[in-house]
*Asks:* 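Shown below is the structure under consideration.
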Number of protein chains: 2
Amino acid sequence: MKDPITTPPAKADATVSSQAPSSQSASSSITLQDIAAHAKVSRSTVSLVLRESPLVAKRTREKVQDSIKTLGYVYNRGAAAMRGSRTATLGVVVYDIANPFFGSMVAGIDAALHQEGYVSFLANSEDSPKRQQRFIERMREHRVDGLLLCPAEHTDPNLIHQLTDWGMPCIQVMRYLDAPPFDYAGTDFRRVAEMAVNHLVSLGHQRIAFIGGADHSVSHDRWLGYQAALDRHGLAYRRLVRGNGVTRRVGHELIKTLMQESPRPTAVVCHNDLVAFGAMLGLRQMGLEPGRDCAVIGTDDVEEAELGDPPLTSIATHPYAIGEQAARLALRRIANPGGERESVIMPPELKIRRSCGSPDDAIVETPRPD
Amino acid sequence: MKDPITTPPAKADATVSSQAPSSQSASSSITLQDIAAHAKVSRSTVSLVLRESPLVAKRTREKVQDSIKTLGYVYNRGAAAMRGSRTATLGVVVYDIANPFFGSMVAGIDAALHQEGYVSFLANSEDSPKRQQRFIERMREHRVDGLLLCPAEHTDPNLIHQLTDWGMPCIQVMRYLDAPPFDYAGTDFRRVAEMAVNHLVSLGHQRIAFIGGADHSVSHDRWLGYQAALDRHGLAYRRLVRGNGVTRRVGHELIKTLMQESPRPTAVVCHNDLVAFGAMLGLRQMGLEPGRDCAVIGTDDVEEAELGDPPLTSIATHPYAIGEQAARLALRRIANPGGERESVIMPPELKIRRSCGSPDDAIVETPRPD
DNA sequence: ACATGGATTTGGAACTATCCAAAAACGTCT
DNA sequence: AGACGTTTTTGGATAGTTCCAAATCCATGT
């Protein structure tokens, strides 16, 4: 990739207006004290007005609010946090913000926090426990009121206990470390995988494979769900190819290995929609038609699923809602740190589209292209 | 969507361990003062150690660092910010964090800031100027050192002047309000559109349409680039269908209208890759083959482009790099608020794949197994 | 005129760091 | 031992809020 182009000097005329302005409204050094003087009341009264206390008389409140407007006062939350107990900030750690799933989740978090006057620090751990650790330390230094954590792979499970020892409320999201009780928001990934298998079985499939996953709770749960569902239906065939990661590329590779085996699966459950897209592409490249020659089902129900070719049947996991719920749970925990730990589980939802074809289609063996 | 399932009480046994711990390391009320006492030095000295001042003698430094470890002291950045001048925080506003383009951009921002010990507040404006405004006010209250802003649609252009009046360093990213000079990081969208047209012309196309866009600088620039390139090549046919938005759905709708006209275009430049995917899908549904019956070119080069069907030719805009550059520019501006305004422009890059049916088709082709 | 009591308002201490000018410690040289 | 120049260390002032106990206000009843 080429270097960026930078435009430093511009033309001489522009330079003047390109200097920082020296307007008299200089970066606000106007304080409570100034407002108090202007409104002829005490600092304390102004403080009460700012916090919308019912104690202060209407006339006084209005007078103070006038002064605030006139002088262009900006509340200093840092100073307030120093004396008071809360900062109205939260730390949020995800491991891959470029993944639209987490994008939606963060959008949900943001919406819920915004309503309550909170703002959030965001960090992208890139699945590195070291980066995650550094960020958490910074969050402590900034005295955030709580933490929303999607733990990085291979995080020391002791981390949550450490956090609670430090008195830092922490909600785990999607993934979790160690065992309950803890605060958690996510979906039931065992159930997700079970629903996928159930749907395929209901379409008549007997040889159902599972592809994709990584070494973390969300994958383990899916694998467990896959196997439990097969057990329940008394199906002997099972083929669990974990691969390395949850990307299109992984799906693309794994499906090819899988379809060269004999007997072939007639259906495949994918760790998520990205893996499923990769798998569908792989099938096409082998001359097989997804939905007819092999049923494909994804999980997450990302936006692309609906407009895929064929449209992908998927188990929706509602990341936006999970984000909202996680944020709300965090606020509850902050308000009541000693309270009972909670888990908020969003129920998954089956979205039937065309990538699993019809029962008749799916059972028929297609001769190999070679 | 169903309501989430919440597990409040759990069983009685678990309740005990589910209470917040009352460990003696209570949420750190250990201050500089305590460290000073423990190490038998003054507050000032401890402060110097914390800030890695070269003034303090080696023996003293080590003594103090021991005490810090022993007592489990956590630096209070809020208090430091009050007396000092910087908070080491930045505000970041995007309008759609669920869009993977912004996901990557935020990842780049995060990486660059993390290196310098900064953390960022993130907000998702959902393209609402009102939400954006509220967030910016909060950022002022939190005394962030600067702002990275992808302005929401229909933002009052006066906003940047206001920000500079307030003495708040602000870097605009991707989109911009009003006219230079200002600090900006993004790509040259005119050039992006021009490159797309140039590529199509080089393949022999004469009737080239453009679809998609919204009412903002990034769209205006693309439209200008499209028209300028046609002018340069002396092509009379021009068809600019703006539609409403930059989604798959828009691409899907617009291509259908377009292909029913006569004369039909032989190639279409899409506002971004999402629009392009929608367009390709639309073509297929009309019985037309993207790349053969109509060339399609996207912009952004999202990850999906490569694994699309057919793989999408696209102009890469490098969101991660733009994020990094924007963050670095912000840090420069904070260090030197009065300095010359800068624009950092990442050069776009043509990624040739198969959606334009180019002659070198075969070169990019993935070998089929049969 | 004065005690009563609820509604408002207030001043001083507290919170936890940094800044700065001045003091202390130390080593070296005469 | 004392003068001198560095290197380290220090105490007091300061930043902008909240908390809290006490002071003030004001209308009412006697």
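In what follows, chains carry the letters A, B, and so on, assigned in the order in which the sequence lines appear, proteins first and then strands, with residues in each chain numbered from 1.
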*Asks:* For the residue pair A/R143 and B/V74, what are the closest heavy atoms and their distance?
*Replies:* NH2-O, 3.3 Å

*Asks:* Across the strands shown, which category fits B/T31 at heavy-atom distances under 4.0 angstrom: base, sugar-phosphate, nothing?
*Replies:* sugar-phosphate

*Asks:* Between D/dT7 atom P and B/R61 atom CZ, what is the distance in whole Å?
*Replies:* 15 Å

*Asks:* Taking the side chain of A/V41 as its heavy atoms from C-beta onward, which of C/dT10, C/dT16, D/dT9 lies nearest to it?
*Replies:* C/dT10

*Asks:* Given D/dT17, is OP1 or OP2 found less than 4.0 Å from the side-chain N or O atoms of A/Y73?
*Replies:* yes

*Asks:* What verdict does the salt bridge (Lys or Arg N to Asp or Glu O under 4.0 Å) test give for B/D110 and A/R131, after you've listed the backbone C-alpha separation in whole Å, the side-chain angles of each residue and the deciding distance to 0.1 Å?
*Replies:* CA-CA 11 Å; B/D110 186 76; A/R131 279 199 60 163; 2.6 Å; yes

*Asks:* Both conditions, 6.0 Å and 45 degrees, for the charged tip of B/R175 above the ring of B/Y184: are they met here?
*Replies:*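 The answer is no, since B/R175 fails at least one limit relative to B/Y184.
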
*Asks:* What's the CG-P distance between A/L55 and D/dA21, to the nearest Å?
*Replies:*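 Taking atom P of D/dA21 as the reference, CG of A/L55 is at 14 Å.
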
*Asks:* Let me know, please, whether B/R83 or A/L32 comes out on the 5' side of the other along DNA chain D by nearest nucleotide.
*Replies:* B/R83

*Asks:* Counting only side-chain N and O atoms of B/R51, is one of them less than 4.0 Å from OP1 or OP2 of C/dC19?
*Replies:* yes

*Asks:* Between atom CZ in B/R86 and atom P in C/dA17, what is the gap in whole Å?
*Replies:* 19 Å

*Asks:* By the 4.0 Å heavy-atom rule, please label A/S85 as base, sugar-phosphate, or nothing.
*Replies:*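 The answer is nothing, as A/S85 stays clear of every strand by at least 4.0 Å.
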
*Asks:* Are B/H142 and B/F121, when compared by the centres of their aromatic rings, separated by less than 6.0 Å?
*Replies:* yes

*Asks:* Tell me whether the side-chain N or O atoms of A/S44 pair up with the base of C/dG11 as donor and acceptor below 3.5 Å, since no angle test is needed here.
*Replies:* yes

*Asks:* Report the distance from atom CG of B/L50 to atom C1' of C/dA17, rounded to the nearest whole Å.
*Replies:* 10 Å

*Asks:* Within this structure, what is the CG-to-C1' distance between B/L48 and C/dA21, rounded to whole angstrom?
*Replies:* 14 Å

*Asks:* Look at the side-chain N and O atoms of B/T45 and state whether any lies under 4.0 Å from the OP1 or OP2 oxygen of D/dT10.
*Replies:* yes

*Asks:* So which one's nearest nucleotide on DNA chain D is more toward 5', B/P54 or A/Q33?
*Replies:*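 Comparing both residues, the 5'-ward one is B/P54.
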
*Asks:* CD1 of B/I68 versus P of C/dT16: gap in Å, rounded?
*Replies:* 16 Å

*Asks:* Compare the minimum distances between each of C/dT18, C/dG12, C/dT16 and the side chain of B/S47, then state the nucleotide with the smallest one.
*Replies:* C/dT18

*Asks:* Within this structure, what is the CD1-to-P distance between B/I30 and C/dT16, rounded to whole angstrom?
*Replies:*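 These atoms are roughly 11 Å apart.
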
*Asks:* In this structure, how many angstroms lie between the P atom of C/dA7 and the NZ atom of A/K58, rounded?
*Replies:* 18 Å

*Asks:* Check this one for me: any side-chain N or O of B/R43 less than 4.0 Å away from OP1 or OP2 of C/dA17?
*Replies:*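 Checking B/R43 against C/dA17: no side-chain N or O falls below 4.0 Å of OP1 or OP2.
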
*Asks:* Is the shortest distance from a Lys or Arg side-chain nitrogen in B/E342 or B/R332 to a carboxylate oxygen in the other one below 4.0 Å?
*Replies:* yes

